[in-house]
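Contents: one structure, followed by commentary.
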Amino acid sequence: MIINSGCQALSPEDEKLVRWWRKKYSRQVRLWASLLVLPLLLLALFFIFFNQEEKLPAYIFMLSFMPFASFFVYKLVGVFGKMRQTRTVLRRGLKQVTTGTLLEVRADKQLLTYTVDNNTIKVVAPGPLEHVSDSLFLPRALIVLEWLPITVQHNILLGVQYKDVPGATSIAEPTSAAEKAPLMMRWNRRTIKILFFTFAGPWAICLMFSERAREPEIMFGMLLFFAAIVIFLAGFALIFNRRVQNAEQKIALTGVITEVFVSRYDNEGSGYTRVYWYRIGKQIVSGYLDDDRFLPGDKVCCIYLADKKGTQHGLFSMALL
């Protein structure tokens, strides 16, 4: 039986979080639109540079791209709808608050399902959580769950408060460039493979079906296409590293772990890499890779790099107290 469930007005912190989600959906709209448009631009280049007799690669590319285009359109429409719905509920200014005994927390990729007494609430995995495959929690705990209702399958989690768990404390200190250096992004083997196959695939098709692909101007165009991909990925790494460089404080967060989430990633065919996330107070902190030492109920101190808004950009240390 639910102890209490009702609506409350959004707090300034809630509105800030909802705007963050709206910006995230807006970025996803631009991403899926780019994935749809860029191959079409490449297809247009095929038709511009090749004669009628040499356009077989373009037709093959167009046919092979159609299933991907349908998927990109599907994702684009879905994310655009979420962005509009988030804007609508933000204008409405109301959130749902459910208080009761926590019986279960289930994770399924991007969704978390909280069972509070006999009430089941599905929410989108908050903040940085992705590909969540497992979760641990404090059973039979009295909690206050704040969430924003959007659709039956898509609600935004605003906060979880464990009533019988003391609040977490945090101390912020300045950090140095030497401390941040190990957190900088570097090119790895997987990135090199993605670059190679993205470039070699279209070029191999051209060389296979057209002698004109060996002409200097065509090869120059393909090199420009490859350079655009390299610049895009290099820009992504540059933006990430710039964020790390601009994060000028390290935060020591001390408190009790109330929830643990596990994200699992394929490790190039040789097993899986597990990333552990911990809810400590109101924060969700990323832990070490493949490190399952910490469980709900443990009191820990974790020190992480953060920007002025408190967003985590890397973990320095984490230890039991």
Side-chain angles (χ1 to χ4, degrees), residues 10-24 26-27 125-130 132 146 156-162 165-188 191 231-263 265 273-321:
L10 292 174
S11 67
E13 289 187 0
D14 295 332
E15 293 180 352
K16 182 178 178 181
L17 180 59
V18 176
R19 289 191 180 94
W20 180 89
W21 276 103
R22 190 177 64 180
K23 290 179 180 178
K24 179 179 180 179
S26 178
R27 289 193 298 268
L129 294 182
E130 291 182 346
V132 184
E146 299 180 356
I156 293 177
L157 181 63
L158 298 176
V160 182
Q161 180 184 358
Y162 284 72
V165 176
T169 59
S170 62
I171 301 175
E173 297 179 353
T175 187
S176 64
E179 290 177 307
K180 293 185 286 187
L183 303 178
M184 305 291 281
M185 178 181 289
R186 292 173 174 82
W187 291 62
N188 56 26
T191 305
I231 292 172
F232 174 80
L233 293 177
F236 177 80
L238 180 63
I239 292 173
F240 177 86
N241 289 339
R242 183 66 60 85
R243 289 177 179 174
V244 171
Q245 291 172 349
N246 292 337
E248 298 179 350
Q249 61 179 345
K250 58 181 178 182
I251 295 180
L253 180 67
T254 302
V256 176
I257 296 175
T258 53
E259 297 173 356
V260 178
F261 301 101
V262 184
S263 300
Y265 298 89
T273 296
R274 290 174 173 82
V275 180
Y276 289 82
W277 307 84
Y278 306 95
R279 185 186 294 280
I280 305 172
K282 295 182 179 181
Q283 301 290 328
I284 293 182
V285 179
S286 172
Y288 296 112
L289 300 180
D290 295 321
D291 185 358
D292 58 356
R293 291 177 296 162
F294 307 105
L295 299 171
D298 291 343
K299 186 175 183 179
V300 298
C301 177
C302 58
I303 302 175
Y304 60 89
L305 178 68
D307 56 23
K308 294 180 180 179
K309 298 179 180 179
T311 304
Q312 182 185 2
H313 291 285
L315 182 68
F316 290 122
S317 65
M318 187 169 182
L320 282 170
L321 297 179

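Fair warning: this is a prediction, and the values are worked out from it, not measured in the lab.
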Roughly how far apart are [X] [atom1] and [Y] [atom2], rounded to 0.5 Å?
X	Y	atom1	atom2	value
Glu15	Arg19	CD	CZ	5.0 Å
Leu17	Arg22	CG	CZ	12.5 Å
Leu10	Leu158	CG	CG	6.5 Å
Glu13	Glu146	CD	CD	9.5 Å

Identify the heavy atoms of [X] and [Y] that sit nearest to each other, and give their distance.
X	Y	value
Val285	Cys302	CG1-SG, 3.9 Å
Trp277	Ser263	NE1-OG, 3.1 Å
Ala319	Phe294	C-CE2, 4.2 Å
Asp292	Leu295	O-CD2, 4.4 Å
Leu315	Ser286	CD2-O, 3.5 Å
Trp21	Ala125	CH2-O, 3.5 Å

Partners of [X] by side chain to side chain donor-acceptor pair (under 3.5 Å), sequence neighbours excluded?
X	value
Ser170	none
Asp307	His313
Thr258	none
Ser26	Arg30

(request) Kindly indicate whether the side chain of Met318, heavy atoms from C-beta on, has any atom under 4.5 Å from the side chain of Tyr276. (result) no
(message) If you define the side chain from C-beta out and look only at heavy atoms, does anything of Ile303 sit under 4.5 Å from Ile251?
(response)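 In short, these two side chains do not touch, never coming nearer than 4.5 Å.
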(message) For Asp291, give me all partners under salt bridge (charged side-chain N to carboxylate O under 4.0 Å, His left out), at least two apart in sequence or on another chain.
(response)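 Result, salt bridge (charged side-chain N to carboxylate O under 4.0 Å, His left out) vs Asp291: Arg293.
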(request) Answer yes or no: does atom NZ of Lys299 have more than 12 heavy-atom neighbours from other residues, nucleotides or ligands under 6.0 Å? (result) no
(request) Give a yes or no on whether Gln249 atom CD has more than 12 heavy-atom contacts from other residues, nucleotides or ligands under 6.0 Å away. (result) yes
(request) Kindly indicate, with the supporting measurements, whether the criterion side chain to side chain contact (heavy atoms under 4.5 Å, CB included) is fulfilled by Tyr278 and Ile284. (result) CA-CA 5 Å; Tyr278 306 95; Ile284 293 182; over 6 Å; no
(request) Assess whether side chain to side chain contact (heavy atoms under 4.5 Å, CB included) is satisfied between Thr175 and Phe316, documenting all intermediate values. (result) CA-CA 11 Å; Thr175 187; Phe316 290 122; 4.0 Å; yes
(message) Set out, in order, the CA-CA distance, both residues' side-chain angles and the distance that settles side chain to side chain contact (heavy atoms under 4.5 Å, CB included) for Val300 and Ile280, then state yes or no.
(response) CA-CA 9 Å; Val300 298; Ile280 305 172; 3.6 Å; yes
(message) Give me each pair satisfying salt bridge (Lys or Arg N to Asp or Glu O under 4.0 Å) with a member in residues 249-262, each pair once, sequence neighbours excluded.
(response)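 Those involving residues 249-262 are Glu179-Lys250, Glu259-Arg279.
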